[in-house]
Structures are given as structure tokens and as C-alpha cells.
Protein chains: 2
Amino acid sequence: MAKSGEILGKLTAQGYRITPQRIMILDAVENADDHISAEEIFTLVCLQYPNVNISTVYRTLELLKQLELVTETDFGDGRVRYHSIKKGHHHHLVCQKCGGIIDMEESVFTPLRESLLKQYGFDADIHHLAIFGTCKKCR
Amino acid sequence: MAKSGEILGKLTAQGYRITPQRIMILDAVENADDHISAEEIFTLVCLQYPNVNISTVYRTLELLKQLELVTETDFGDGRVRYHSIKKGHHHHLVCQKCGGIIDMEESVFTPLRESLLKQYGFDADIHHLAIFGTCKKCR
DNA sequence: TATGCAGCTGCAATCTCTTGCATCTATAAT
DNA sequence: ATTATAGATGCAAGAGATTGCAGCTGCATA
């Protein structure tokens, strides 16, 4: 809430408009305790302004993603979740047996990014990745 | 075609049934020149047997995926594609600017897998991953 | 060869997400 | 304050994928 002004400034600076819908959607992502789905955002925004359309939510999230203000992560449960970039970059290890999610440091990917850059000249854009497998307990 | 017998044997061994639909779906994946989508498989199978249902295609692919006979890759174009595991494990670098796809060796992921195992005790199941970013030409 | 049934299929409904289009509006220029 | 317009929204249709359920069938057994 307090800081969403900064982000709104970024939108304006890049020629995008500040609309009430965007403010409410952004607030919902910023104030979420965890990774939040489009449907959850939609429900929250509807409490304030019942006329919002779910497609506006998706389009706004797409925009925020392009501007690198939020990240999108697919935890493999059929719906993608969003997270404010202000709360830090991190990745997830998703156990396919117990469903548990382990958060991991972004730095684990540094060697991979470097070798992709060296071997393939490819600048990998790995922001918020979920990797599937089997956790310690379930092995 | 020639080798799908082996796979059918694996199905039987694990208590799954061999049905005409499964044979046709499996053949479609095995004979595909490239990564093939569910819709494409469906179209191919329909030529032989117009009564197949798309949900059978999805369910069969899900089964083959669980049995590690095919891999699923999301190239980010709105539909997931499948690939026979017999044609080898590999990963893809997808350029978000030009849309180009670079294939890469599985071995690039070995150090990452090892550090996940060491640091988190997590056995990562990275079969066929698409990583997004910017390729050499577009940087 | 006939039978029983777990497992598979087809169908239809549903879910998540995207897209085209007409209308509306935030914003910059007047 | 008014106006023009590029950009945003709402609506509805649609695409890809999943799911519940009734009925069908591969295949193990007798």
C-alpha cells in the first residue's frame, strides 16, 4: 500500500495509464502474504469494485510482468500465481510426492545462468522458477 | 512404430491396458518429427479412428508422462508439447525477442541438480525444460 | 470360450486463461 | 475547463486442458 505509489510512477513514466482497476490489482498483489492467483486477486478487487472484469486482472498482471514489477510462477496446480518483485526474487522446489514447497535462494541459479551465457550466448531470464522433483523426506 | 511394442510391454507390466486409442496416440508421438501438441496428436489419430476424444489424448499423455515415456514441455505459446523420451533428453532456450529455440544438452543442468541435492536434499526431476530469455543475436 | 470387473473411453460440463471488438476514459494539448 | 485520442475496460466468445460420470472393454481367470 505504502509503496505502490512508486510503482504507479513507473507506469506513468513508461506511458501507461493509472486506472482505478490497476491501483486495486497492484495493491492486492503488494498486500498479499504469499503468491496469489489471478482469481484471488479478482475476488479481492471485487470487494471494492464489483464491476472489474477478470480479463482486466489478467491483462494488468501481464503488463506488470512485462515491466518486471511482478513475477509469475507455475506451481503445477493448474493455476499460475503472482508475487511482487519487491518481496524479493526466489525459486521453489516443489515435491511431487508430498506437495511441499521449499523456497531457495536465487543464487543457486547463478552458475547455470553463467554457463548458458558462456556456452550459448543466451541471457536467461529466470525470475521465479518452480522446479519439480522429490524432497528429502520423500526420497 | 517399430519400437512401440517395447513401450506397450511396459504398460502391460505395470497393470495398464493396451487399447487401440493408446496405441494410436503412442504411435503419433513416436513418429512425430518434432515436439507435438495434444491437438496435433488428436488430429492424426482422428484420421485413423474419428471417434477418439480429445480427453483420451490428454489422459493418455498424462499416463505416458507419469511412466516417463514421454516428456512435456511448455514453450510458452499457449499449448504444451510432447516428445518421446526415446529421442533423448534435452532442454530448450526460448528467445523472447525473436521466438527462436536453441536446443541444449542435458548436461548443462548437471551442476544445478547436484547443488540442489547437496544443499536441499532435493532430487530435481528436470527432464525437458524450456528456459526463457534473450538469445545471442537479440542481445 | 465365456465371464467378471478394474480400468478405460466418450461425452458434456467446467476451469483457467486469452482475444476481438465496441465503448469508455486518463491524460496531454488546447 | 474543454477536447481529442491513444490506450484501457467490459463483455462475450473461444482455446487449451481437466474432470465427473455412465457405460464399455481388455484381459485375467475359470
Side-chain angles (χ1 to χ4, degrees), chain A residues 5 7-26 28-29 35-46 48-67 69-70 72-82 130, chain B residues 4-5 7-26 28-29 35-46 48-67 69-82 130:
Chain A
I7 291 181
L8 296 177
K10 275 195 188 179
L11 280 176
T12 313
Q14 309 223 14
Y16 296 101
R17 288 190 195 158
I18 310 300
T19 64
Q21 290 90 334
R22 286 183 176 170
I23 294 172
M24 291 185 282
I25 292 166
L26 191 53
V29 181
H35 301 71
I36 188 171
S37 71
E39 200 69 36
E40 286 165 340
I41 294 167
F42 177 64
T43 305
L44 284 174
V45 174
C46 272
Q48 292 181 257
Y49 173 58
N51 284 326
V52 232
N53 195 277
I54 188 75
S55 60
T56 300
V57 175
Y58 281 109
R59 280 188 282 227
T60 300
L61 289 168
E62 179 62 29
L63 174 65
L64 296 174
K65 201 174 71 184
Q66 275 176 24
L67 296 177
L69 299 173
V70 306
E72 190 187 76
T73 311
D74 182 359
F75 288 95
D77 66 342
R79 81 187 57 187
V80 157
R81 287 166 203 284
Y82 299 85
Chain B
S4 56
I7 291 181
L8 296 177
K10 276 195 186 179
L11 281 177
T12 313
Q14 309 223 15
Y16 296 102
R17 289 192 194 156
I18 309 299
T19 65
Q21 290 91 333
R22 286 182 176 171
I23 295 171
M24 292 184 283
I25 292 166
L26 191 53
V29 181
H35 301 72
I36 188 172
S37 71
E39 200 68 37
E40 286 165 341
I41 293 168
F42 177 63
T43 305
L44 284 174
V45 174
C46 272
Q48 292 181 256
Y49 174 57
N51 284 326
V52 233
N53 194 277
I54 188 75
S55 59
T56 300
V57 175
Y58 281 110
R59 280 188 282 227
T60 300
L61 289 169
E62 180 62 29
L63 175 65
L64 296 174
K65 201 174 70 183
Q66 275 176 24
L67 296 176
L69 299 172
V70 305
T71 51
E72 190 186 77
T73 310
D74 182 359
F75 288 95
D77 65 342
R79 81 187 59 188
V80 157
R81 286 167 203 284
Y82 298 85

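Order of the sequence lines fixes the chain letters, A, B, ..., with proteins taken first and strands second; residue numbering starts at 1 for each chain. Note that the structure is a prediction, hence the values are computed from the model and not measured.
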Grab the [atom1]-[atom2] distance between [X] and [N] for me, whole Å please.
X	N	atom1	atom2	answer
A/Q66	C/dT18	CD	C1'	14 Å
A/L61	C/dC17	CG	P	10 Å
B/D77	C/dT19	CG	C1'	16 Å
A/E40	C/dC17	CD	P	11 Å
A/I23	D/dT9	CD1	P	11 Å
A/Q14	D/dA6	CD	C1'	17 Å
A/I41	C/dT16	CD1	C1'	14 Å

Using salt bridge (Lys or Arg N to Asp or Glu O under 4.0 Å), reason through B/E62 and B/K65 one step at a time and then give a plain yes or no. CA-CA 5 Å; B/E62 180 62 29; B/K65 201 174 70 183; 3.0 Å; yes
Taking only residues at least two apart or on different chains, which pairs with a member in residues 14-26 of chain A satisfy side chain to side chain donor-acceptor pair (under 3.5 Å)? none
Please confirm whether the backbone N or O of B/V52 pairs with a side-chain atom of B/T56, one donor and one acceptor, at under 3.5 Å?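 Checked: no pair found.
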Partners of A/D77 by salt bridge (Lys or Arg N to Asp or Glu O under 4.0 Å), sequence neighbours excluded?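 Applying salt bridge (Lys or Arg N to Asp or Glu O under 4.0 Å) to A/D77 gives A/R81.
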If a protein heavy atom is under 4.0 Å from the base, mark B; if only from the sugar-phosphate, S; if neither, -; do that for nucleotides 17-30 of chain D going 5' to 3'. BBBBB---BBS---
Bending between helix ends of the helix from C/dT1-D/dA30 to C/dT30-D/dA1 [5 pairs per end, 10° resolution]: 30°
Specify the closest pair of heavy atoms between A/L11 and A/L67, including all atoms of both residues, with the distance to one decimal.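 Heavy atoms only, the tightest pair is CD2-CD1, 3.3 Å.
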List the residues meeting side-chain hydrogen bond (donor to acceptor under 3.5 Å, both in side chains) with A/Q48, not counting sequence neighbours, and say none if there are none.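 In terms of side-chain hydrogen bond (donor to acceptor under 3.5 Å, both in side chains), with neighbours along the sequence ignored, A/Q48 is linked to no residue.
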When all nucleic acid strands are considered with a 4.0 Å heavy-atom cut-off, which category describes B/Y49: base, sugar-phosphate, or nothing?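 Sugar-phosphate, backbone atoms only, no base.
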Enumerate, atom names and distances included, each donor-acceptor pair closer than 3.5 Å involving a side-chain atom of residues 37-44 of chain A, sequence neighbours excluded.
from: A/S37; atom 1: OG; to: A/E40; atom 2: N; distance (Å): 3.2
from: A/S37; atom 1: OG; to: A/E40; atom 2: OE1; distance (Å): 3.4
from: A/E40; atom 1: OE1; to: A/S37; atom 2: N; distance (Å): 2.8
from: A/T43; atom 1: OG1; to: A/E39; atom 2: O; distance (Å): 2.9

Hey, what do you get for CD1 (B/I23) to CD1 (B/I18), rounding to the nearest 0.5 Å? 6.5 Å
Look up atom CG in B/D74 and atom NE2 in B/H35, then write down how far apart they are to the nearest 0.5 Å.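 Going from the CG atom of B/D74 to the NE2 atom of B/H35 covers 12.0 Å.
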Do any side-chain nitrogens or oxygens of A/Q21 fall under 4.0 Å of OP1 or OP2 in C/dT25? no
